[in-house]
Amino acid sequence: MKILNTVAEVQDFITTCRKENKTVGYVPTMGALHSGHISLVKQALNTCDICIVTVFVNPTQFNDPKDLETYPRDFESDAKKLEEAGAHAVFYPSVKEVYPTEDKRYFNVGAVAEVMEGSYRPGHFNGVMQVVSRFFDIIKPDKAFFGEKDFQQIAVVRAMVKQLALPVEILACPIIREPDGLALSSRNVRLTPENRAQAPKIHRILSLSTQWMESYSPARVKEKVIDEINSIPGMRVEYYEIVDGTSLLPIESWDDSSYIIGCITVYCGDVRLIDNIHYNKS
């Protein structure tokens with residue numbers, strides 16, 4: 001596996017791949033890799049000839065400086081996992097390499113970037129679009145692989161790709177969970193033992209809520225999910241929204257959409273966790 005630190009090195013690598021008519025799959029990460037990330041690498045390897053991964057903690061998508069400061073970093077461990085998984089290259093650049101000058105671009109892709117995370121983390125998705133578009137420009141992949149845990153992020157990236165008419169296919173891959181149901185996240189390492197024991201209840205309650213839709217309206221199901229999770233010691237729901245999976249706008253009736261997703265963010269102690277659930281109508 002090649003470890004690349006500069007844009008020039010990446011472009012040389014990609015040029016060689018293209019000369020050999022190889023398709024390029026790209027997995028963007030911020031490091032602190034876990035099995036969820038590795039599942040994306042394996043999907044890229046199954047789908048494309050070449051898999052390149054970026055490991056970059058992007059400062060422009062953090063609206064909380066403390067969150068940026070405490071975000072886990074361990075490149076040596078990440079590189080070992082990527083090599084074992086079979087990735088062909090990892091791009092591990094400095095901030096200056098990614099942003100040689102300040103990125104002042106502002107993206108307007110509409111409601112998908114303004115609701116939920118967009119409302120609670122101002123500027124977050126603009127930072128995501130800055131860095132993802134930058135890496136798309138450097139790597140020029142055929143396909144890019146994202147985990148469905150970050151459901152809204154995928155919708156935002158797809159909207160950006162459509163708006164900019166970028167020649168890359170965005171592929172969403174299933175959430176990978178611990179045996180107890182907790183969605184894998186780099187932030188999970190920051191959970192205290194007590195919080196870690198409680199955290200799987202997020203997915204448990206979301207799963208249970210898919211049964212409530214037979215008896216209750218979306219508004220009532222939303223209320224019940226929030227109440228159930230808030231009753232757990234050390235846990236606080238920041239938001240829970242039941243939305244159309246394409247527009248990400250809230251629904252009022254289960255008949256409003258054939259593609260319904262519940263998206264949640266919960267503070268488990270001091271750690272902010274996200275998850276989601278599909279509501280499939282019978």
Side-chain angles (χ1 to χ4, degrees), residues 7 10 24 26-30 40 54 56-68 71 91 93 95-173 175 185 218 222 238-252 256-265 272-276 278:
V7 171
V10 174
V24 176
Y26 165 48
V27 178
T29 83
M30 293 207 300
L40 302 181
T54 49
F56 180 66
V57 181
N58 175 40
T60 72
Q61 70 190 67
F62 286 84
N63 58 327
D64 180 352
K66 184 182 177 185
D67 197 18
L68 173 61
Y71 198 86
F91 182 27
V95 173
K96 192 69 176 174
E97 191 69 23
V98 177
Y99 301 115
T101 59
E102 183 183 357
D103 193 337
K104 297 181 178 179
R105 291 176 298 159
Y106 174 73
F107 296 83
N108 183 1
V109 295
V112 290
E114 296 165 0
V115 298
M116 298 187 293
E117 291 291 288
S119 174
Y120 284 88
R121 300 179 69 188
H124 168 68
F125 283 128
N126 198 68
V128 168
M129 288 184 277
Q130 286 175 342
V131 75
V132 171
S133 62
R134 175 79 173 122
F135 283 140
F136 282 173
D137 183 56
I138 294 167
I139 298 168
K140 294 181 171 56
D142 298 288
K143 303 177 190 291
F145 299 81
F146 293 81
E148 270 206 333
K149 181 175 73 71
D150 297 292
F151 188 87
Q152 185 174 5
Q153 177 176 271
I154 297 171
V156 168
V157 170
R158 280 180 168 150
M160 179 199 74
V161 164
K162 183 177 180 181
Q163 188 176 87
L164 300 180
L166 300 178
V168 57
E169 182 182 356
I170 306 301
L171 296 176
C173 302
I175 297 173
S185 169
K222 172 183 169 179
E238 185 171 64
Y239 68 79
Y240 182 55
E241 297 291 346
I242 299 175
V243 302
D244 173 82
T246 302
S247 71
L248 303 192
L249 295 176
I251 62 165
E252 295 183 1
D256 286 350
S257 172
S258 59
Y259 181 32
I260 301 171
I261 307 291
C263 297
I264 197 163
T265 292
R272 190 175 187 271
L273 302 177
I274 65 173
D275 206 340
N276 60 73
H278 288 245

Undergrad: Students often mix this up, so state it plainly: with edges at 30° and 60°, are the rings of Y259 and H278 parallel, tilted or perpendicular?
TA: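 Answer is tilted, since the angle falls between 30° and 60°.
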Undergrad: Can you tell me how far CG of N276 sits from CD1 of I264, rounded to the nearest 0.5 angstrom?
TA: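 So the CD1 of I264 and the CG of N276 are separated by 10.0 Å.
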Undergrad: Rounded to the nearest 0.5 Å, what separation is found between the CD1 atom of I242 and the CD1 atom of I251?
TA: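 Between I242 CD1 and I251 CD1, I get 6.5 Å after rounding to 0.5 Å.
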Undergrad: Mind checking the CZ-CD1 spacing from F145 to I170? Nearest 0.5 Å is all I need.
TA: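 CD1 of I170 is found 9.5 Å from CZ of F145.
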Undergrad: In a table with atom names and distances, give each donor-acceptor pair under 3.5 Å that connects a side chain of residues 56-64 to protein atoms at least two apart or in another chain.
TA:
{"residue": "N58", "atom": "OD1", "partner": "T60", "partner atom": "N", "Å": "3.4"}
{"residue": "N58", "atom": "OD1", "partner": "T60", "partner atom": "OG1", "Å": "3.2"}
{"residue": "N58", "atom": "OD1", "partner": "Y99", "partner atom": "OH", "Å": "2.7"}
{"residue": "N58", "atom": "ND2", "partner": "T60", "partner atom": "OG1", "Å": "3.1"}
{"residue": "N58", "atom": "ND2", "partner": "Q61", "partner atom": "OE1", "Å": "3.0"}
{"residue": "N58", "atom": "ND2", "partner": "G127", "partner atom": "O", "Å": "3.1"}
{"residue": "T60", "atom": "OG1", "partner": "Y99", "partner atom": "OH", "Å": "3.3"}
{"residue": "T60", "atom": "OG1", "partner": "G127", "partner atom": "O", "Å": "3.3"}
{"residue": "T60", "atom": "OG1", "partner": "Q130", "partner atom": "OE1", "Å": "3.1"}
{"residue": "D64", "atom": "OD1", "partner": "K66", "partner atom": "N", "Å": "2.9"}

Undergrad: Any side-chain heavy atom of E117 within less than 4.5 Å of one from V156?
TA: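 Side chain of E117 against side chain of V156, heavy atoms only: no contact under 4.5 Å found.
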Undergrad: What residues, two or more places apart in sequence or in another chain, satisfy side chain to side chain donor-acceptor pair (under 3.5 Å) together with S119?
TA: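 Side chain to side chain donor-acceptor pair (under 3.5 Å) check on S119 returns nothing, list empty.
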Undergrad: What distance separates M129 CE from Q153 CD, expressed to the nearest 0.5 Å?
TA: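 CD of Q153 is found 10.5 Å from CE of M129.
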Undergrad: Tell me, do I175 and D275 make a side-chain contact under 4.5 Å, heavy atoms counted?
TA: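 Yes, at least one pair of side-chain atoms sits under 4.5 Å.
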Undergrad: Drop me the distance from S257's OG to L249's CG, to the nearest 0.5 angstrom.
TA: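 So the OG of S257 and the CG of L249 are separated by 10.5 Å.
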Undergrad: What salt bridge (charged side-chain N to carboxylate O under 4.0 Å, His left out) pairs are there with at least one residue in residues 124-142, not counting sequence neighbours?
TA: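 Passing the test, one end in residues 124-142: R18-D142, D137-K140.
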Undergrad: Write down the atom of A155, the atom of L248, and the distance for their closest heavy-atom approach.
TA: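 Shortest heavy-atom contact: CB-CD1, 3.9 Å.
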Undergrad: If you look at every heavy atom in A159 and V109, which pair is closest and at what distance?
TA: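 The pair with the smallest heavy-atom distance is CB-CB, 3.8 Å.
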Undergrad: If you look at every heavy atom in P93 and V98, which pair is closest and at what distance?
TA: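 It is CG-CG2, 3.5 Å.
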Undergrad: Shortest non-hydrogen contact from V112 to Q152?
TA: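 Residues V112 and Q152, closest heavy atoms: O-NE2, 2.8 Å.
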Undergrad: Quick one: are L166 and M160 in side-chain contact, heavy atoms under 4.5 Å?
TA: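 When only atoms from C-beta onward are counted, M160 and L166 do touch, with a gap below 4.5 Å.
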Undergrad: Charged N to carboxylate O under 4.0 angstrom, E238 versus R121?
TA: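 Result for this pair is no, no salt bridge flagged.
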Undergrad: Does any part of the side chain of V115, heavy atoms only, come nearer than 4.5 Å to the side chain of V243, both counted from C-beta?
TA: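 Contact flag for V243/V115 side chains = no.
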Undergrad: With salt bridge (charged side-chain N to carboxylate O under 4.0 Å, His left out) as the rule and sequence neighbours excluded, what pairs involving residues 151-171 come up?
TA: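 As it turns out, the salt bridge (charged side-chain N to carboxylate O under 4.0 Å, His left out) pairs with a partner in residues 151-171, which skip direct neighbours, are K143-E169.
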Undergrad: Taking only residues at least two apart or on different chains, which pairs with a member in residues 99-115 satisfy salt bridge (charged side-chain N to carboxylate O under 4.0 Å, His left out)?
TA: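 Found D103-R105.
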Undergrad: Could you tell me which residues satisfy ring pair (Phe, Tyr, Trp, His ring centres under 6.0 Å) with F136, sequence neighbours excluded, listed by chain and number?
TA: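 Applying ring pair (Phe, Tyr, Trp, His ring centres under 6.0 Å) to F136 gives none.
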Undergrad: Looking at every non-hydrogen atom in both residues, tell me the closest pair between V7 and I138 and how far apart they are.
TA: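 Closest pair (atom of V7, atom of I138, distance): CG2-CD1, 3.8 Å.
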Undergrad: Working to the nearest 0.5 Å, report the span between OH of Y26 and CZ of F146.
TA: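 Reported to 0.5 Å precision, the distance equals 6.5 Å.
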Undergrad: Determine whether I139 and V24 make a side-chain contact, defined as any pair of heavy atoms from C-beta on separated by less than 4.5 Å.
TA: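 The answer is yes; the side chains approach within 4.5 Å.
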Undergrad: In the structure I gave you, are the side-chain heavy atoms of T54 and V10 within less than 4.5 Å of one another anywhere?
TA: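 No, too far: nothing below the 4.5 Å cut-off.
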Undergrad: Just wondering, do L164 and F107 contact through their side chains at under 4.5 Å, heavy atoms?
TA: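 The answer is yes, as the side chains (C-beta and beyond) meet within the 4.5 Å cut-off.
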Undergrad: If you look at every heavy atom in I261 and C263, which pair is closest and at what distance?
TA: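 Looking at all heavy atoms of both residues, the closest pair is CG2-SG, 3.7 Å.
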